[in-house]
Amino acid sequence: MADETKQLFLARQTYLRRRVIDASRLLPLLGLFLFLIPLLWDDVGSGREAFLAEKLLYMFAVWFSLVAVAAVLAFKLRPGDLNVPRGLEEVDREAETD
Amino acid sequence: MFAFDILIEVCIGYVVLLFIVAYVADRRARQGKIGWLRSPLVYTLSLSIYCTAWTFYGAVGYAARSGIEFLCIYLGPSLVMIGWWWGLRKLVRIGRMQRITSIADLISSRYGKSAMLGGLVTLLAVIATTPYIALQLQSVTLSFGVFAAASPSDWPVQSQHATAIWVAVGLAVFTIVFGTRNLDANERHHGVVMAIAVEALVKLAALLAVGAFVVWGIADGPREIIQRINESPMALVPNHSSRWLALIFLSGAAFLCLPRMFQVLVVENDDEHHLSTASWAFPLYLALVNLFVLPIAAMGLAVLPQGSNPDLFVLTLPLSQGQNSLAMLVFLGGFSSATSMVIVAAIALSTMVSNHVVMPIWLGIRRQAATVSGDVREVVLMSRRLSISAVLGLGYVYYRFSGGGEALASIGLVSFAGVVQVLPALVGGVFWRGATRVGAALGVSVGFLVWLYVMFLPSFGPDVLLSARMMLEGPLGIGWLRPQALFGLHDVDPLVHALLWSMAFNTTAFCIGSLLSFPNPLERVQGAQFVNVFDYTASHRGWSRSNVDAEDLLIMAQRILGPSEAQALFQAAADAQGKQGYLPEITPDFIDSFERVLAGSVGAATAHAMIGQMTSGSALSVEDLMAVADETAQIMEYSSQLEAQSQELSRTAGQLRDANEKLTALSVQKDAFLSQISHELRTPMTSIRAFSEILMLGDALNAEEKAKYSRIIHDEALRLTRLLDALLDLNVLEHGHVTIEQERAVLRDVIDRAVFATSAVSADRVFTIDRNEVREAVQICTDLDRLSQVFINLIANARKYCDSPRPRLTIRVVRVDGALAVDFVDNGSGIPTESQSLIFEKFSRLSDHSAAGGAGLGLAICREIMAKLGGSVTYLPGQGGAAFRVILPKVPMERAA
C-alpha cells in the first residue's frame with residue numbers, strides 16, 4: 001500500500017517535471033511573439049501622438065515577466081533533471097500518454 | 001573637471017585591482033578552494049562580456065539614431081538563454097563531454113576532428129573579431145579623449161594613438177599573464193573569469209547610476225522622461241519589421257557563435273546547473289543594462305548641444321552636469337566593457353589560432369619528432385602568447401587603418417554577421433547526424449565569401465576596398481551582382497540583404513554538401529556522440545590496435561600537461577587498471593581518454609594528430625572497420641563451424657557410447673560363451689581321458705569292460721564332434737558367408753524327411769506325431785536342407801524333452817499374415833514363461849538333460865537359420881505344451897502341388 005502511494009507520487013512528479021520542461025521550451029517562442037507585437041503598432045505618420053515611451057514600457061514589461069517566469073521554471077527544475085538521459089525522457093513521454 | 005593625471009591614476013589603480021582579483025582567484029583555484037569562484041552568479045556575470053563598449057557607449061548612440069530598435073540586439077540573446085532547454089543545454093553538455101576548447105574546436109571535433117575546418121573557422125573568427133577589438137580600442141581612446149578635451153594642456157592630441165597602443169599592450173599583458181598561465185586540461189581561467197565578473201558589476205553599476213542620475217537628477221522623474229522620449233526625434237523613426245527580425249536572429253545566433261561568448265558560455269562552464277540560473281539571470285542583466293538607454297539618449301539629445309556624439313552621451317551627460325565622480329565611474333564602466341571583451345576574445349582567438357593553425361603547421365613541419373622531442377608545452381604556450389599579441393596587434397592596426405570614424409561604429413553588426421556564418425554547421429552538427437565535413441566546409445566557406453562580398457568589403461564605403469563603380473554597377477557592369485543588391489534585391493535594408501543572402505547560400509551549401517558526401521568513420525562516430533550526447537555516457541573506441549609504449553605517451557603528456565599533472569593522470573589510470581606505478585596498460589580506452597585530456601589543452605584535431613603520430617596512425621580507418629567486420633564475420637563463421645562440429649562430436653560420442661555398450665555386452669557374452677564352451681568341451685574330454693587311461697592300464701580288464709569303455713570313449717568323441725559341428729555351424733551362420741540354395745519342394749516331403757530323421761531319437765519311447773497331410777501339400781521354395789535341419793531340431797527336442805507319459809507332437813501348417821507357418825506343439829509341460837526368452841540363446845538348457853546329448857545350441861542354430869532364410873522361429877505360448885512356430889519366408893510358393 002505504501003509502495004503504491006509512493007509510486008503515484010513519483011509519477012505525478014515526473015509528470016510535473018515534464019510540464020516544466022515543456023514550459024521552458026515554449027517560453028522563448030512566447031517571448032518572441034510578444035516582442036514582435038510592437039511591429040504591428042504603426043505609430044509613425046498616423047497623425048497620432050508618438051508613444052515610443054509606452055512601447056518601451058511594454059517591451060520591458062514583457063522582458064521582466066519573461067525573466068520572472070524563467071526564474072520560476074529554473075527553480076522548479078531540480079539539479080537532477082539536467083542529467084536525465086534522453087531515452088528516459090522519451091519513456092516519460094510515452095508513459096504519460098497512457 | 002579633475003586633472004588628467006587623476007584619471008590615469010584611477011585607471012591604473014583599477015587595472016591593479018583587476019590583477020589582484022584575478023591573481024587571488026587563480027591562487028584559490030589552484031589550491032582547490034573553488035567555492036564561490038564558480039557560482040552561478042559568477043557564470044552569469046561572465047556572460048556579460050556580450051555587452052562590450054559597443055553596448056556601453058554604443059547602445060545610447062544607436063538609440064539616438066534608430067529609436068527602440070537597439071533593443072533587438074539584446075532580445076536575441078535573452079531568448080536564447082530563456083530557451084536554454086532547446087540548444088544551450090546540449091551545447092554545454094557536448095562541450096564538457098568532448099572537452100571542447102573553442103567554437104573552432106567544436107566544429108572541427110564534430111566533423112571528424114578535421115584540422116581544415118578548425119583552421120577555416122579560426123580564420124573566419126579572426127577576420128570577424130579583429131574589427132570588434134579595434135572598436136573597443138577606439139571606444140577607450142574616445143573616452144580618454146572626452147576627458148582630454150576638457151584639459152587640452154595635459155593631453156597632447158597626437159598621443160591619442162599612443163593611448164590606444166598602451167591600452168592594447170596593457171590588455172595583452174593581462175591576457176598573457178592570466179590567460180596563458182597554465183595549459184589547463186579544462187581550458188578554464190578562473191582568474192580571468194573572476195576579473196570579468198567584477199567588471200560586469202562595474203559596468204552595470206555605472207549604467208544604472210547614470211540612468212538614475214538622468215531620471216531623477218536631471219529630469220523630474222519618470223513622468224518627464226516619458227514625455228521627453230515621446231517628444232524626441234527617436235519617436236519619429238519608423239519600425240523596420242524585417243530589420244527587427246533580422247536583428248533578433250542575428251544577435252541570438254551571434255550569442256552562440258561569437259568566439260568570446262562560446263568561451264564563457266561553454267568552455268568556461270564549470271557546472272551545467274549554472275546554466276539554469278543564467279537562463280533567467282542573464283536576461284535580467286541585459287534588461288537592466290538597457291533599462292536607461294532610451295532615457296539617456298532622449299535626455300542627451302535634449303540637453304547636450306547640437307552635434308554632440310551620441311555614442312558618448314553616457315559620459316558627456318554627467319560631465320556636462322559637473323558630476324565628475326559619476327563620470328569617473330562611467331569611464332571605468334566603459335573601460336571594463338572594452339577590456340573584458342578584449343581579454344576574453346583574445347584568449348578565445350589565441351586558443352583557436354594556436355590549436356588550429358599553429359599546432360597543425362608545427363606538427364606538419366616536425367612530423368615524428370614533434371611528439372618525441374622538444375617541449376610541446378612551451379610551444380603551445382608560446383604560440384598562445386604570440387597569438388594574443390598578434391590578435392591585439394591586428395586590432396590596433398585595424399583601428400589605425402580605418403581611421404576610427406563612423407565606419408568603425410557600424411562594424412559591430414558586420415562582425416556579428418561574419419561569425420554567424422558558423423551557425424548552420426554548428427546547429428546542423430549538434431542536431432543532424434547527416435551533417436558532414438564536406439557540407440560544413442562548403443557552408444562555412446560559401447557563407448564567408450558571400451558575407452565578405454555583400455557586407456564586409458562594402459562596409460568600408462565606396463573606393464576603400466571596393467571601387468565606387470563596382471558597388472554601383474556591379475563587377476564588370478553585371479547589375480545583378482551588385483554587392484548590396486545581389487540578384488536585384490534592392491529596396492531592402494543592407495543588413496537584412498547581407499544576412500539573407502549569406503545565410504541562404506551558407507545553409508544551402510551545407511545541406512547539399514552534407515547530402516551528397518559520405519562521412520568517414522571518425523566523422524560518423526563523432527556525429528553520433530554529438531547528436532546523441534544525452535544518450536552516451538561512455539566514450540567510443542576511437543583507437544584500435546595500439547603499438548605504442550606507455551612510457552612514450554607519458555613523455556609526451558609531460559611535455560604538454562606538465563610533469564606532475566601528467567604523472568598524476570597516468571598514475572590514476574594505472575590505479576584504475578589495478579597496476580602499480582606510473583605506466584598503465586595501453587588500452588584503446590586509455591588512449592581515448594588520454595586524447596580527450598590532450599584535446600582539452602591543444603584542441604581535438606591537434607590531439608588526434610599527435611596521438612595518431614605516436615601510435616603510428618592506428619586510428620580508426622575504413623580499412624580497420626572493414627577488417628573488424630571481416631574478423632567478426634570470420635569469427636561468426638568459425639563459431640558456427642564449431643557448433644556444427646560440436647553437434648557432430650556429440651552425435652559421434654553417442655554412437656561411441658552405444659558401440660561401447662554393445663562391445664561390453666558382447667564381451668560379457670563372449671566370456672560367458674567361452675566359459676560355457678570350455679565346460680561343454682571338458683565334460684566329454686574328461687570321460688575320454690579317464691576311460692582311455694583305464695584302457696591303457698588295461699591288463700586287468702576283461703573284453704566286456706574294454707568294449708564298454710571303448711564305447712563310452714566313442715560316444716563321448718561323437719558328442720564332441722557333434723558339439724564342434726554345431727559350433728561351426730552356428731559360427732558360419734552368425735558370420736555370414738552362408739550360401740542359401742533355393743529349391744522347390746512340397747512342404748509335406750520336408751516334414752516327412754525330418755520325422756524320419758528323428759525317429760532314432762529316444763526311440764525307446766512311444767511317440768505319436770499328428771499331421772495333416774492335406775494342409776502340408778504346399779509348395780515352398782527355400783533352402784530345403786536348412787529348413788529340414790530346423791524341423792529335425794524341433795522334432796528331436798520334442799522327442800527328447802516332452803515329459804508327458806504319452807508324448808504326442810502335433811505338426812500344423814497355418815497361415816499367419818499371409819505367410820506360411822509350421823507349428824510344432826507337444827503335450828508336455830512346456831517352457832516356463834520366464835525362460836521363454838532364454839531358450840534361443842546359446843548353451844541355454846532348462847534342465848540337466850545333457851545326457852540327451854544336447855549342447856544347448858540347437859534352438860540358437862534354428863533361429864540363425866530361419867533369420868538367414870528370411871523367416872523366423874518363435875516360441876508359441878499357450879498351446880498346452882512346448883510349442884514352436886516356424887514362419888517360412890514369403891517367397892513365391894502359391895503354386896500348390
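So you know, we letter chains A, B, ... as the sequences are listed, proteins then strands, and number each from 1. Since this is a predicted model, take the numbers as computed values, not measurements.
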So what's closer than 4.5 Å to chain B heavy atoms on F35(A): side chain, backbone, both or neither?
->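 Its backbone and side chain both get close to chain B.
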Does any heavy atom of chain B fall under 4.5 Å from the side chain of L57(A), the backbone, both, or neither of them?
->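 The side chain, not the backbone.
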Part of [X] within contact of chain A (heavy atom distance under 4.5 Å):
X: S241(B); result: both
X: M81(B); result: neither
X: I248(B); result: side chain
X: L286(B); result: both

Does [X] reach the side chain of [Y], with side-chain heavy atoms less than 4.5 Å apart?
X: V69(A); Y: I82(B); result: no
X: W85(B); Y: L27(A); result: no
X: L291(B); Y: F64(A); result: yes

Can you measure from [atom1] ([X]) to [atom2] ([Y]) and round to the nearest 0.5 angstrom?
X: L29(A); Y: W86(B); atom1: CG; atom2: CH2; result: 6.0 Å
X: L32(A); Y: S78(B); atom1: CG; atom2: OG; result: 12.0 Å
X: M234(B); Y: L56(A); atom1: CE; atom2: CG; result: 9.0 Å

Can you tell me which of [options] forms the most heavy-atom pairs within a distance under 4.5 Å of chain A?
options: L275(B), L284(B), L288(B), V80(B); result: L284(B)
options: T277(B), L245(B), I229(B), L79(B); result: L79(B)
options: G67(B), A281(B), A287(B); result: A287(B)

Minimal non-hydrogen separation, [X] against [Y], with atom names:
X: P28(A); Y: G83(B); result: CG-CA, 3.4 Å
X: E54(A); Y: N230(B); result: OE1-ND2, 3.1 Å
X: V67(A); Y: P283(B); result: CG2-CB, 3.7 Å
X: W244(B); Y: P38(A); result: CH2-CB, 4.3 Å
X: A74(A); Y: S276(B); result: CB-O, 3.2 Å

Please walk me through it: do N290(B) and F60(A) pass side-chain contact (heavy atoms from CB on, under 4.5 Å)?
-> CA-CA 9 Å; N290(B) 287 291; F60(A) 276 105; 4.1 Å; yes
Can you list, pair by pair, the side-chain donor-acceptor contacts under 3.5 Å of residues 208-227 of chain B, counting residues two or more places apart and other chains?
from: E224(B); atom 1: OE1; to: D220(B); atom 2: N; distance (Å): 2.5
from: E224(B); atom 1: OE2; to: R228(B); atom 2: NE; distance (Å): 2.7
from: E224(B); atom 1: OE2; to: R228(B); atom 2: NH2; distance (Å): 3.0
from: Q227(B); atom 1: NE2; to: E231(B); atom 2: OE2; distance (Å): 3.2

Under the side-chain hydrogen bond (donor to acceptor under 3.5 Å, both in side chains) test, residues paired with Y74(B) that sit two or more places apart |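 If we apply the side-chain hydrogen bond (donor to acceptor under 3.5 Å, both in side chains) test to Y74(B), skipping adjacent residues, the hits are T55(B).
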